[in-house]
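Report on one structure; see the data block that follows.
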Amino acid sequence: MYSSDLEPETRHFDQSTALRKSIPPIIIDFLDDHHLAADLWEIAVSVFAVDRNLRRPALNTWRQGREWHRSIAVTIPLHNPEWWTRRVSDVEALLDWLTGDTWSLRFAQGVPVMSDISFLSNRDIGLEGHTVLFSGGLDSVCGVIDDLESSNDTLHAVSVSTNSRMEKQQKDIFDTLRGFQRRLRTWSAFKLQVRLDNPEDTARSRGFVFLTAGVLSAIARGTNSLRLYENGPGALNLALSRGQVGAQVARAVHPKTLRSMERLARSITGVSDFRIENRTFTLTKARMVERVPHRYDEALAASVSCDTGFSHHQEGAPAHCGGCTSCVLRRQALAAAGRDIPTPARGTPRRKRDHRRLMMWQAARLNHVLREGLSWKRMVQEFPDLVCDPDSFLPQRREALLDLFQEYAKEWDLDAVTAELERISMENPG
């Protein structure tokens, strides 16, 4: 049951027909006996379904300075509604931050997710090791490879697939990587499909779903950590223009988001040091690509980094549109890293054709701020959202971020990147 201030009529969401979701059996059989982790999955997928079915104000009103904010009320059936009611403020605060809305959650009595009691241990069935989020995008592919190449760790990949195309792409890349490294032990896919009666494209709660899948997988393996891989500029995702405010830029793996998810995971597990670690936060995307040996180029080419890579309906067309922010950053990174890996493009949707110019404008602003030396004060004046990083008060963090963005800005001035940006412009005239 849900509604918003923009669409006040209460709607009833039939989870048996409008929401298809599943936790991999190898995960669910090893979750906590109180079903708290499974409840978190129910919260995440229900919130995502509501987020996708409640429209924001029209795009032209954002540009007139009006808020895109919604006030959303949702009732979600859970196995342990009383336990979650005591922690509802933590969940609401995370959702408010991720989506830029105001969420009001109520929990009702539901039935537990069905599972079987396992008489085998994680060691018996080879589940021991580190849990890593694996989207199939360029960052996650590079990060997994780098982890495998630079350590002796055993990794277990976990993904969320929202359609069969996404699932096949993730599985194909996993198989390619496992052909090189048998320490990439298993791949588990959480499945989620939502019937969209009134589709809203921003879907800022998507990151909550992905992180929840990772947390559940880590809990099932009896570990107190989750690894993910996102370049630092992408994780912080600074506004491309002064017109973008708050959650109008995605915050899926922002440091503040990870800190909030850690709190929820610690509440569920009782493990006070549960950590969610972005292991590539200090790297640019280009630097991540540089660290990958050339023998993995096939896997890099197969990765998909596009805002509409799995939602477009052009049969047989390339996954990448070629000109959205995700595509532009992918192409910039490959060019800056000197990798001759093409990104076949099907054409950029009209509403995303200004993304290249906005990203170039952001790079110009960075270069302007940093041209007189590294100054945290000047950076924050130009990009005030930097202070949303919970560790931004630490001197060593500030120094690391200044170095990171200085390197990132310089990459945009490389001849190879300039040439790639020209190609993008020619592909999308006007």
Side-chain angles (χ1 to χ4, degrees), residues 135-143 145 165 169 173 230-234 237-241 244 249-250 280 283-368 404-430:
S135 67
L138 183 60
D139 280 27
S140 70
V141 174
C142 289
I145 293 170
R165 273 189 296 166
Q169 183 260 359
I173 296 180
E230 179 77 16
N231 71 87
N237 205 13
L238 300 180
L240 294 177
S241 72
Q244 280 188 314
V249 293
T280 54
L283 302 175
T284 66
K285 199 182 197 83
R287 186 69 69 187
M288 292 178 68
V289 173
E290 283 181 357
R291 293 164 68 101
V292 175
H294 283 269
R295 65 179 178 276
Y296 291 100
D297 278 1
E298 178 186 348
L300 300 191
S303 65
V304 175
S305 308
C306 178
D307 295 351
T308 55
F310 297 106
S311 60
H312 72 86
H313 301 291
Q314 297 174 241
E315 190 67 30
H320 293 94
C321 75
C324 67
T325 52
S326 299
C327 284
V328 172
L329 185 55
R330 171 194 177 89
R331 297 172 70 169
Q332 179 266 359
L334 291 169
R339 295 298 262 270
D340 186 20
I341 298 175
T343 301
R346 59 186 144 79
T348 306
R350 185 169 297 276
R351 69 184 186 280
K352 295 180 180 290
R353 289 184 182 176
D354 62 345
H355 287 191
R356 175 188 60 87
R357 288 187 291 269
L358 287 171
M359 296 182 77
M360 292 172 66
W361 169 235
Q362 183 195 65
R365 289 162 61 202
L366 283 167
N367 275 316
H368 176 74
L404 173 68
F405 280 106
Q406 183 179 53
E407 178 181 6
Y408 177 65
K410 287 180 178 179
E411 290 172 357
W412 285 83
D413 290 335
L414 295 173
D415 290 344
V417 172
T418 300
E420 189 65 27
L421 294 173
E422 283 297 321
R423 280 189 282 272
I424 296 172
S425 178
M426 292 174 63
E427 292 168 4
N428 300 282

Within a reach of under 6.0 Å around CZ of Arg165, are more than 12 heavy atoms found that belong to other residues, nucleotides or ligands?
yes

Heavy atoms from other residues, nucleotides or ligands near CZ of Arg295 exceed 12 (cutoff 6.0 Å)
yes

Between [X] and [Y], is any side-chain donor less than 3.5 angstrom from a side-chain acceptor?
| X | Y | result |
| --- | --- | --- |
| Asp307 | Ser326 | yes |
| Arg330 | Ser303 | yes |
| Arg346 | Thr308 | yes |
| Thr280 | Glu230 | no |

If the threshold is 4.0 Å, N to carboxylate O, is there a salt bridge linking Glu420 and Arg356?
no

Are the charged groups of Glu290 and Arg287 less than 4.0 angstrom apart, N to O?
yes

Please examine the side chains of [Y] and [X], heavy atoms only from C-beta on, and report whether any two atoms are closer than 4.5 Å.
| X | Y | result |
| --- | --- | --- |
| Trp412 | Leu366 | no |
| Leu300 | Ile341 | yes |
| Val304 | Phe310 | yes |
| Leu329 | Tyr408 | yes |

Kindly determine whether Phe405 and Leu238 satisfy side-chain contact (heavy atoms from CB on, under 4.5 Å), including the steps that lead there.
CA-CA 11 Å; Phe405 280 106; Leu238 300 180; 3.6 Å; yes

Nearest-0.5 Å distance that lies between atom [atom1] in [X] and atom [atom2] in [Y]:
| X | Y | atom1 | atom2 | answer |
| --- | --- | --- | --- | --- |
| Leu138 | Leu334 | CG | CG | 5.5 Å |
| Asp139 | Met288 | CG | CE | 4.0 Å |
| Thr348 | Arg353 | OG1 | CZ | 6.5 Å |
| Ser305 | His320 | OG | NE2 | 5.0 Å |
| Leu358 | Gln362 | CG | CD | 9.0 Å |
| Tyr296 | Ile173 | OH | CD1 | 13.5 Å |

So which heavy atom on [X] is nearest to which on [Y], and how close?
| X | Y | value |
| --- | --- | --- |
| Val417 | Glu411 | CG2-O, 3.2 Å |
| Gly322 | Ala345 | CA-CB, 3.7 Å |
| Ile424 | Arg331 | CG1-CZ, 3.4 Å |
| Val249 | Asn237 | CG2-O, 3.5 Å |
| Gly232 | Leu404 | CA-CD2, 3.8 Å |
| Gly323 | Val328 | O-CG2, 3.5 Å |

Expected output: side-chain Ser425 to main-chain Leu421 donor-acceptor under 3.5 Å
no

Which is it for Cys306 and Cys324 under the side-chain contact (heavy atoms from CB on, under 4.5 Å) test, yes or no, and what are the steps along the way?
CA-CA 7 Å; Cys306 178; Cys324 67; 4.0 Å; yes

Candidate pair Val292 and Arg339, rule side-chain contact (heavy atoms from CB on, under 4.5 Å), full reasoning:
CA-CA 10 Å; Val292 175; Arg339 295 298 262 270; 4.2 Å; yes

